[in-house]
Amino acid sequence: MDLPVVPGSGAIGRVRAVGPDATQLAVGDWVFCDPTVRSRDDALAPDVILQGLTALSGGGLRLQRHFRDGALTEQMMIPTENAIPLGAVDPADAAKWCSLGVLLVPYGGLLAANPQAGETILVSGATGHFGSAAVAVALAMGAASVVAPGRNEAALKELTHRFGPRVRTVQLTGDEEADRERMRQAAPGPIDCVLDLLSPAAGTAAVRAAAMAVRDGGRIVLMGGVGGDLPLNYSWVMRHNITVRSQFMYPREANGRLIQLIRSGLLELDAFDITEFALTDANEAVAHAAANGGPFRLTLVRP
């Protein structure tokens, strides 16, 4: 990104002023400040930035020069369509709504997979920041069972403790074939969908181990951070009618749909352990976040 810049990706805030293109938003409204900003002059292939985090292209840099500053500021400017109405919010509960920024990412991946109620979903990377949130979202969307593989034994136990028998955890060994069989055995039936949210450190073998556990006619959605080529056997994909697609972040309509899921009571925000800092203590907040990351943990700054 071009400097200087105030970082910070995503926020909960109140509207101070609106532009002439707003017909519903009003001053004082509580909104989620969606950091996924898209250019408006190419509906098919817009340039995208994550405001306060990264510009992904030359066009994105031009967009970032206008929507320059992120959420670690007293006031920020965002596009009208990125101010997502939340409805009534108790100021004391504003911090809980910041978990939208974590939940929206796996929700976008699950929407891409088009899950049906009663299906079995495998979340690859289930013990990570976004992967653990994916488990919660998949259950809220009606998954009968979620297979949750991972290496972190404590995090796997925490998932079982939080969500009960609908979550089937799998301790990974690093042996691709053996791990794939363990995932299949853990599932109560065929695995309908695999959502990959593994971090770059995992490597492509771990991605493939989970992806190829899917049933005939199943779906694979790739949205983790693993770099490099992912070898998937052409004949296997074709013969077993596998759908493979990717998803970066989430479509614009995901915001309102996820808020409805939360408002309905199907998805609880109380799962997150939240630590708040004042804006003047932003450096301490960064240090705390670095030392206290993990599933269902958030470090926030409140201006």
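The first residue in the sequence is number 1, and the count goes up from there. If you're wondering where the values come from, they're calculated on a predicted model, not measured in any experiment.
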Can you tell me if [X] and [Y] form a side-chain donor-acceptor pair at under 3.5 Å?
| X | Y | answer |
| --- | --- | --- |
| Y250 | D34 | yes |
| Q247 | R245 | yes |
| Q171 | R151 | no |
| D196 | S124 | yes |

> Which distance, rounded to the nearest 0.5 Å, do you find between the OG1 of T204 and the CG of D229?
Replying inline: 8.5 Å
>> Can you tell me how far apart CG (D69) and CD1 (I78) are? Round to the nearest 0.5 Å.
In response: 13.0 Å
> For F296, is the NZ or CZ atom of R162 found under 6.0 angstrom from the centre of its six-membered ring and inside 45 degrees of the ring axis?
Replying inline: yes
Check whether any side-chain heavy atom of [X] sits under 4.5 Å from a side-chain heavy atom of [Y], and report yes or no.
| X | Y | value |
| --- | --- | --- |
| R68 | D2 | yes |
| T73 | Q75 | no |
| I262 | L100 | yes |
| V123 | V147 | no |
| L103 | L267 | yes |
| L279 | E74 | yes |

>> Any carboxylate oxygen within less than 4.0 angstrom of a Lys/Arg side-chain nitrogen, looking at R182 and E177?
In response: no
>> Closer than 4.0 angstrom, basic N to acidic O: yes or no for R40 and E81?
In response: yes
>> With a sphere of 6.0 Å drawn around CD of E153, does it hold more than 12 non-hydrogen atoms of other residues, nucleotides or ligands?
In response: no
>> Assess the residue pair D270 and K96 against the criterion (salt bridge (Lys or Arg N to Asp or Glu O under 4.0 Å)); give the C-alpha distance rounded to whole Å, side-chain angles, the decisive distance to 0.1 Å, and a yes or no.
In response: CA-CA 7 Å; D270 291 331; K96 292 196 302 185; 3.0 Å; yes
> Does R168 use its side chain to pair, donor to acceptor, with the backbone of A186 at less than 3.5 Å?
Replying inline: yes
> Run the salt bridge (Lys or Arg N to Asp or Glu O under 4.0 Å) check on D192 and R215 step by step: do they pass?
Replying inline: CA-CA 6 Å; D192 300 287; R215 65 166 171 83; 2.6 Å; yes
>> Is there a continuous path of hydrophobic side-chain contacts, each under 4.5 Å between heavy atoms, that joins F67 to M249?
In response: no
